[in-house]
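Each remark here refers to the structure printed beneath this line.
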Amino acid sequence: MACLVAGCLSISGDEPLVPLAEPTPEPTPTATMAAEEAIGAREHPRILAAFGGVYEDPELETRLVAMLRRVIAASDEPSRVYRLTLLNSATVNAFALPGGYLYVTRGLLALANDEAEVAAVVAHEIGHVTSRHAIAREEEVRTAALIDRVLTDVLSDPSAAQLVQLANGVSLAQFSQNQELEADQLGVRTIGRAGYDPFAAARFLDTMAVYNALDALPGDRGGPSFLSSHPTTPERVEAATRLARQFGAPGIGETFRDRYLDAIDGLVFGEPADEGVVRGRRFLHSTLRIAFEAPEGFMLDNTPQAVLGAHPDGRALRFDAVELRSGQSLEAYLNSGWIDGLDRATIETSTTNGLQVATADADAGGWQFKVAAIRVRDQVYRFIFASRSGGAAFDALATSTVASFRPMSEAEANAIEPLRIDVVTVQSGDSVARLARRMATGGDAEALFRVLNNIEGSARLRAGDRVKIVVD
């Protein structure tokens, strides 16, 4: 019987499930195990705070419990207790702390296509735990905290307070190449013994490499992915494949694809709605209660620092926010020196949707810029439009975008829902392009559809296949 303990799944390979407070005796010195447990317990709350807390989904938790128990039973230390936490983060990541603390993000689960792939990731992390790589890392750098590298990898724009916190930590996830290869070997061997498809490890490494290569992919806004702390190479994928062949030819082992897709159907995808969402050419922020719409042809991407927009012809836009100094006018703000090449003679003021607006032109580095600052109380929302050639069309796109900026009503803001994974069955006549058009992500929906479903090149869909799309 599985149980949810302190925000994570606490599991050993033996029955019954062991709670956090009663670890199963393990074949390692008591003092060593106590030290490892103390490190994991100390850093666990920081991980939860940095990654948005626990993502709660009872059906998915049940599936992960069964998967983890199966993997642990086939591991080198089946009596060891593990605590698997599903983090509410769009980042594609997984990692382990000493003491058997394992973490996977919902972003990683959205990218995986079957249970064997997730088992491969978890078994790899278990390999780091059983090999005590993090302990070796701590001894190497000789410091007490182990969270800095993990948090730095995931928080691309930490606040000053977070920086102070991180300064007390050390690298945990930056394992050496030899340690990664050792964890790969242990992971492939473990999932193969567990009856999973041993080729899942190499397959998921390939998928993540494609994912990482995509430019401005929606849905991964927490920072660098799993591959940032677990760097992959063709040689590493080849080694994982070679290890898998020790169990047999491709096709051996279970993937449990259908039951995995059932478990992640409805999974939240991307950032929560209260951090701003992109819906086609629209950007909406339920907490700030603001919205705007980019011109035709623009693809928007919501990053931690700003909303970025790009057009195939090279025009671009950036939208972000700053606070005005007390009593500062919009004209004074535009003229305060933060815009290179500002033409002060072009500063104009107006209103849009009842809000004060100041605009200006700038010319720097071979680019033409249109800049707009919109006041909402003491907050200033900024648009920066860039073009190599400028012209009337460029002026028009800036004007239309600024004019679209508006406050949202409370009811409208409350109605915004996050994007979710929707598992659908391919119908006769469906194609990659046709299903990608159903995606609500903005950006290159076809590229995202391909990577989410591990569809390569000219591969075609077959009627009856089940695939993931992202909907609102």
Sequence-distant partners of [X], side chain to side chain contact (heavy atoms under 4.5 Å, CB included), two or more places apart:
{"X": "Glu296", "answer": "Arg281"}
{"X": "Asp114", "answer": "Ala116, Glu117, Arg203, Thr255, Arg257"}
{"X": "Asn335", "answer": "Leu342, Arg344, Ile347"}

- Parallel under 30°, tilted from 30 to 60°, perpendicular over 60°: which one fits the rings of Phe283 and His285? perpendicular

- Query: Should the pair Phe319 and Phe292 be assigned to parallel (<30°), tilted (30 to 60°) or perpendicular (>60°) ring geometry?
  - Reply: tilted

Heavy-atom side-chain proximity of [X] to [Y] below 4.5 angstrom:
{"X": "Val118", "Y": "Leu109", "value": "yes"}
{"X": "Leu102", "Y": "Val122", "value": "yes"}
{"X": "Ile374", "Y": "Phe383", "value": "yes"}

Which pair of non-hydrogen atoms, one from [X] and one from [Y], has the smallest distance, and what is that distance?
{"X": "Ala240", "Y": "Ala202", "answer": "CB-CB, 4.0 Å"}
{"X": "Ala358", "Y": "Leu330", "answer": "CB-CB, 3.6 Å"}
{"X": "Gly297", "Y": "Pro312", "answer": "O-CD, 3.4 Å"}
{"X": "Gly309", "Y": "Phe298", "answer": "C-CD2, 3.8 Å"}
{"X": "Val268", "Y": "Pro418", "answer": "CG1-CB, 4.0 Å"}
{"X": "Val402", "Y": "Ala372", "answer": "CG2-CB, 3.6 Å"}

To the nearest 0.5 Å, tell me how far [X] [atom1] sits from [Y] [atom2].
{"X": "Leu452", "Y": "Thr441", "atom1": "CG", "atom2": "OG1", "result": "8.5 Å"}
{"X": "Lys468", "Y": "Asn454", "atom1": "NZ", "atom2": "CG", "result": "9.0 Å"}
{"X": "Asp265", "Y": "Ile421", "atom1": "CG", "atom2": "CD1", "result": "9.0 Å"}
{"X": "Asp262", "Y": "Arg259", "atom1": "CG", "atom2": "CZ", "result": "10.5 Å"}
{"X": "Leu111", "Y": "Met208", "atom1": "CG", "atom2": "CE", "result": "7.5 Å"}
{"X": "Arg375", "Y": "Gln328", "atom1": "CZ", "atom2": "CD", "result": "8.5 Å"}

Going by the salt bridge (charged side-chain N to carboxylate O under 4.0 Å, His left out) test, which pairs reach into [range], not counting sequence neighbours?
{"range": "residues 453-463", "result": "Arg462-Asp465"}
{"range": "residues 352-362", "result": "Asp361-Lys370"}
{"range": "residues 349-360", "result": "none"}

Partner set under ring pair (Phe, Tyr, Trp, His ring centres under 6.0 Å) for [X], not counting sequence neighbours:
{"X": "Phe199", "answer": "none"}
{"X": "Tyr103", "answer": "His44, Phe95"}
{"X": "Phe394", "answer": "none"}

Judged by atom type as modelled, is there a donor-acceptor pair below 3.5 Å linking the side chain of [X] to the main-chain atoms of [Y]?
{"X": "Arg106", "Y": "Gly270", "result": "yes"}
{"X": "Arg289", "Y": "Ala413", "result": "no"}
{"X": "Ser89", "Y": "Thr91", "result": "yes"}
{"X": "Asn302", "Y": "Glu275", "result": "yes"}
{"X": "Arg83", "Y": "Tyr101", "result": "no"}

- Item | Of all pairs that satisfy side chain to side chain donor-acceptor pair (under 3.5 Å), the ones with a partner from residues 380-408, not counting sequence neighbours |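 Residue pairs with at least one partner in residues 380-408: Asp320-Arg382, Tyr333-Arg382, Arg406-Glu412.
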
- With sequence neighbours left out, which residue pairs that include part of residues 414-471 fulfil the ring-ring contact (aromatic ring centres under 6.0 Å, His included) condition?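 Listed once each, the pairs would be none.
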
For residues 422-430, dump all side-chain donor-acceptor pairs below 3.5 Å to protein atoms at least two apart in sequence or in another chain.
unit_1 : atom_1 : unit_2 : atom_2 : d
Gln427 : NE2    : Thr425 : O      : 3.1
Asp430 : OD2    : Gln427 : N      : 2.8

- Query: If you draw a 6.0 Å radius around CZ in Arg282, do more than 12 non-hydrogen atoms from other residues or ligands fall strictly inside?
  - Reply: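 Counting neighbours around CZ of Arg282, 12 or fewer heavy atoms of other residues, nucleotides or ligands fall under 6.0 Å, so no.
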
- Query: Does a side-chain N-to-carboxylate-O contact under 4.0 Å join Asp57 and Arg63?
  - Reply: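 Judged by the 4.0 Å cut-off on N to carboxylate O distance, Asp57 and Arg63 do not form a salt bridge.
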
